[in-house]
Amino acid sequence: MTTRPMPARLDQPREIRRTLLPRPRYDPEFFGRLAERIARFLGTARFIVYMTVFIAVWLSWNVFAPPFLRFDPYPFIFLTLMLSLQASYAAPLILLAQNRQDDRDRVQYEQDRARNDRSIADTEYLTREIAGLRVALSEVATRDFLRSELQQIIRELDAKEHVR
């Protein structure tokens, strides 16, 4: 009797397969920080100025230089290729930076929500304590109440003396 191997379950990770060459390892945190720095730089006016100067120099060189020194003639195919390559790397780096920012925002929102929940619980506790103190104080004799009671007793005593 032969047994068939169990099919892989989707809710469990696959076993690590051994390969002849080791997989390259990288620190995702370092790569994420690098992506954020690049994305932050790509969103600055300095980058736009640098790219404008670079393209202007490229175009000027390939239009006004002697023909034997031009490396990218008029349709500027190589420049288009360079800009496409830059865009193909910039887009995923910007998305990675945005995902990391979303993760940070999510953690911040969760911490804010927990802090708000604690503040609400503290406020409710203090409200109950104040209500309890008000109830306790309403049962305590105040100075005015004692004065009025003593004045009433004095009047009653004076009334009894006048009656005798």
- Knowing that exactly one of I120, L126, T127 qualifies, which makes a side-chain contact (heavy atoms from CB on, under 4.5 Å) with T123?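 Between T123 and the candidates, side-chain contact (heavy atoms from CB on, under 4.5 Å) is satisfied uniquely by T127.
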Can I get a per-line list of side-chain donor-acceptor pairs under 3.5 Å for residues 44-52, giving both atom names and the distance, sequence neighbours left out?
residue : atom : partner : partner atom : Å
T44     : OG1  : F41     : O            : 2.7
T44     : OG1  : F47     : N            : 3.2
T52     : OG1  : I48     : O            : 2.7

So for atom [atom1], which belongs to [X], do other residues, nucleotides or ligands contribute more than 12 heavy atoms lying within a distance under 6.0 Å?
X    : atom1 : answer
R37  : CZ    : no
F71  : CZ    : yes
R143 : CZ    : no

Can you tell me how far [atom2] of [Y] sits from [atom1] of [X], rounded to the nearest 0.5 angstrom?
X    : Y    : atom1 : atom2 : answer
L83  : F54  : CG    : CZ    : 7.5 Å
F76  : I55  : CZ    : CD1   : 11.0 Å
E36  : F31  : CD    : CZ    : 11.5 Å
T80  : L85  : OG1   : CG    : 12.5 Å
D117 : R115 : CG    : CZ    : 11.0 Å

- Indicate whether any N or O donor in one side chain lies under 3.5 Å from an N or O acceptor in the other, for Q152 and R155.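 There is no such pair (donor and acceptor under 3.5 Å, judged by atom type) between the side chains of Q152 and R155.
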Is the shortest side-chain heavy-atom distance between [X] and [Y] below 4.5 Å?
X   : Y   : answer
L42 : Q86 : yes
L93 : L34 : no
Y74 : V63 : no

- Query: If you look at every heavy atom in G32 and L96, which pair is closest and at what distance?
  - Reply: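 Scanning both residues, the minimum pair turns out to be CA-CD2, 4.2 Å.
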- Query: If every non-hydrogen atom of A35 is compared with every non-hydrogen atom of A97, which pair is closest and at what distance?
  - Reply: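 Taking every non-hydrogen atom into account, O-CB, 4.2 Å.
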- Message: I'd like to know if the side chain of D72 and the backbone of L79 have a donor-acceptor N/O pair within less than 3.5 Å.
- Response: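 Indeed, once roles are kept as given, a pair shorter than 3.5 Å links the two residues.
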- Message: Main chain of L69, side chain of W61: is a donor-acceptor contact present, judged purely on distance under 3.5 Å?
- Response: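 Yes; at least one donor-acceptor contact below 3.5 Å.
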- Task: Decide side-chain hydrogen bond (donor to acceptor under 3.5 Å, both in side chains) for Q101 and D105; before the verdict, give the C-alpha distance in whole Å, the side-chain angles of both, and the deciding distance to 0.1 Å.
- Result: CA-CA 6 Å; Q101 184 62 44; D105 289 345; 3.0 Å; yes
- Can you sort out the partners of E149 under side chain to side chain donor-acceptor pair (under 3.5 Å), two or more places apart, ordered by chain and number?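 Not a single residue meets the side chain to side chain donor-acceptor pair (under 3.5 Å) criterion with E149.
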- Message: For F78 together with W58, are the ring centres under 6.0 Å from each other?
- Response: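 W58 vs F78: aromatic centres under 6.0 Å.
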- Message: Would L81 and I77 count as a side chain to side chain contact (heavy atoms under 4.5 Å, CB included) here? Give the steps.
- Response: CA-CA 6 Å; L81 178 66; I77 302 297; 5.6 Å; no
- Between Y89 and I38, does a side chain to side chain contact (heavy atoms under 4.5 Å, CB included) hold up when you go through it step by step? CA-CA 10 Å; Y89 274 97; I38 292 171; over 6 Å; no
- Any Lys/Arg nitrogen of D103 or R100 sitting under 4.0 Å from an Asp/Glu carboxylate oxygen of the other?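 So D103 does not pair with R100 through a salt bridge.
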- Item | SB check E129 R134 (cutoff 4.0 Å) |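 Looking at E129 and R134, the cut-off is not met.
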